[in-house]
Amino acid sequence: MAKGKKQDDGIEILEDPNAIVEKANEFFSSKRNKAMVFGIGGVIALLVVGFAGYNYYITNQNQTAQEELFQAQFYFDADSLGLALNGDGNSYGFLEIIEEFPGTKAANLSRFYAGASFLKQGDFDGAIRQLKEFSSDDYLLQGRAYSLIGDAYMEMDDFSNAISYYEQAVDYRENESFTPIYLKKLAIAQEQNGSLTEAAGTYGVIMSDYPNSAQIHDAKKQKARLEALAQ
């Protein structure tokens, strides 16, 4: 009978609002329970305030970093790569933006530009390091970053890694403008790696999937050449 009574009390608590209030009052009458509840509430409040403060800080930091990024991009476009990377004494370069404004969109984009700058300067390890740290869901930039990493590995005669990154560029949001270019780079890397049949197949993808691309005529010629060599 005692067991049945306990079960009835549980049902009563669930169904009777007054019973719920009574149980709540019993809970809060304990000093230990009060301290625990207010302690948890305080932690939650601190987390909310901290998150809001961080967002405000990052927003302000990103605005300042974007202003600095404009001048660095100007130097990059002018092919003044030293100034683009390291600044001119008045404005920050890409490397300083990365260091001074971590976590901002401008710092992330600076990694892309820094990687491209290092690649132009022949610092292939530096290019790979910066570009691997870059991450974007942009329609074109992420694929471009993969391609540039592939270019750096090609310059180092590391054809296996070049193939891997060109494949990532090809697979990232395929489009008529850039995917055929990435496929051509992939085919060249495959040929350099000794995979003539695979390279011919990659040129074949350009022919079948991108017949209107600027690479189509060269793709036909190279495919025929590689198929003859592979026989």
Side-chain angles (χ1 to χ4, degrees), residues 69 72-85 94 108-231:
L69 182 61
Q73 287 174 318
F74 173 81
Y75 285 131
F76 178 84
D77 292 337
D79 216 27
S80 299
L81 301 179
L83 293 173
L85 284 167
F94 297 128
N108 183 50
L109 186 56
S110 290
R111 289 195 180 278
F112 177 87
Y113 279 108
S117 298
F118 281 134
L119 184 60
K120 287 185 176 183
Q121 289 183 330
D123 182 354
F124 306 123
D125 286 325
I128 291 168
R129 182 172 61 253
Q130 292 295 337
L131 289 165
K132 282 186 176 181
E133 290 293 323
F134 172 75
S135 178
S136 175
D137 58 1
D138 182 83
Y139 181 67
L140 298 177
L141 275 183
Q142 186 61 64
R144 179 64 175 157
Y146 291 143
S147 177
L148 291 176
I149 295 173
D151 292 346
Y153 278 122
M154 282 292 287
E155 293 289 346
M156 299 168 69
D157 292 335
D158 187 345
F159 305 124
S160 178
N161 271 317
I163 289 169
S164 175
Y165 278 92
Y166 286 146
E167 287 175 337
Q168 291 184 65
V170 168
D171 292 338
Y172 185 82
R173 301 193 181 186
E174 297 179 25
N175 60 86
E176 295 284 340
S177 299
F178 290 97
T179 303
I181 297 173
Y182 302 151
L183 283 165
K184 183 176 179 178
K185 289 185 175 186
L186 174 59
I188 292 171
Q190 289 169 332
E191 180 178 359
Q192 291 294 312
N193 202 42
S195 304
L196 303 185
T197 302
E198 289 184 11
T202 300
Y203 283 121
V205 174
I206 297 175
M207 293 165 56
S208 61
D209 293 1
Y210 302 96
N212 298 319
S213 71
Q215 284 70 40
I216 188 66
H217 297 299
D218 189 57
K220 292 177 180 178
K221 181 175 69 175
Q222 297 301 329
K223 183 175 184 292
R225 179 182 64 83
L226 289 169
E227 287 174 340
L229 289 174
Q231 289 179 355

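Keep in mind it's a predicted model, so treat the numbers as computed, not measured.
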> Could you go step by step and tell me if E198 and N193 meet the side chain to side chain contact (heavy atoms under 4.5 Å, CB included) rule?
Replying inline: CA-CA 10 Å; E198 289 184 11; N193 202 42; over 6 Å; no
>> Show, in sequence, the C-alpha distance, side-chain angles and deciding distance for Y146 and K132, and conclude whether the side chain to side chain contact (heavy atoms under 4.5 Å, CB included) test is met.
In response: CA-CA 8 Å; Y146 291 143; K132 282 186 176 181; over 6 Å; no
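- Considering only heavy atoms from C-beta on, R144 comes within 4.5 Å of Y182 through its side chain.
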Please report, to 0.1 Å, the donor-acceptor pairs under 3.5 Å made by any side chain of residues 133-141, with sequence neighbours excluded.
unit_1, atom_1, unit_2, atom_2, d
S136, OG, D138, N, 2.9
D138, OD2, L140, N, 2.9
D138, OD2, L141, N, 2.9

> Can you list the steps and then say if I128 with F118 is a side chain to side chain contact (heavy atoms under 4.5 Å, CB included)?
Replying inline: CA-CA 9 Å; I128 291 168; F118 281 134; over 6 Å; no
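- Considering all non-hydrogen atoms of both residues, G82 and Q121 come closest at N-NE2, 4.0 Å.
- Shortest non-hydrogen contact noted between A200 and L226 is N-CD1, 3.7 Å.
- The CE atom of M207 sits 10.5 Å away from atom OG of S213, with the distance rounded to the nearest 0.5 Å.
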Anything under 3.5 Å between a donor and an acceptor, one on a side chain of residues 154-163, the other on a protein residue two or more places apart or in another chain? List them.
unit_1, atom_1, unit_2, atom_2, d
D158, OD1, N161, N, 3.3
D158, OD2, N161, ND2, 2.9

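- A donor-acceptor pair under 3.5 Å links the side-chain atoms of N175 to the main chain of S177, judged by distance alone.
- For the 3.5 Å distance criterion, the side chains of Q190 and T202 qualify, holding a donor opposite an acceptor.
- Contact check for I206 versus K220: no side-chain heavy atoms found under the 4.5 Å cut-off.
- Atom-to-atom distance recorded for K184:NZ and Q222:CD is 7.5 Å, nearest 0.5 angstrom.
- Donor-acceptor pairing under 3.5 Å is lacking for the side chains of Y210 and E176.
- Closest non-hydrogen pair, F94 versus Q73, comes out as CZ-N, 3.9 Å.
- No hydrogens or angles considered: a donor-acceptor pair under 3.5 Å links the side chains of Y166 and D151.
- Take E191 and apply the side chain to side chain donor-acceptor pair (under 3.5 Å) test, not counting sequence neighbours, and it matches R225.
- With a 6.0 Å cutoff to the six-membered ring centre and a 45° limit on the axis angle, K221 does not count as a cation-pi contact of Y203.
- In plain terms, the two heavy atoms of Y165 and G150 that are nearest each other are CB-N, 3.9 Å.
- For the atom pair NZ (K185) and CD (Q215), the distance works out to 10.5 Å, reported to the nearest 0.5 Å.
- With values rounded to the nearest 0.5 angstrom, T197 atom OG1 is found 10.0 Å from Q231 atom CD.
- In this structure the side chain of L131 never reaches within 4.5 angstrom of the side chain of R111, judged on heavy atoms.
- In this structure, the separation between CG on D125 and OH on Y153 is 8.5 Å, given to the nearest 0.5 Å.
- Closest heavy-atom contact between A127 and L119: CB-N, 3.7 Å.
- Shown here for A114 and Q130, the closest heavy-atom pair between the two residues is CB-CG, 4.1 Å.
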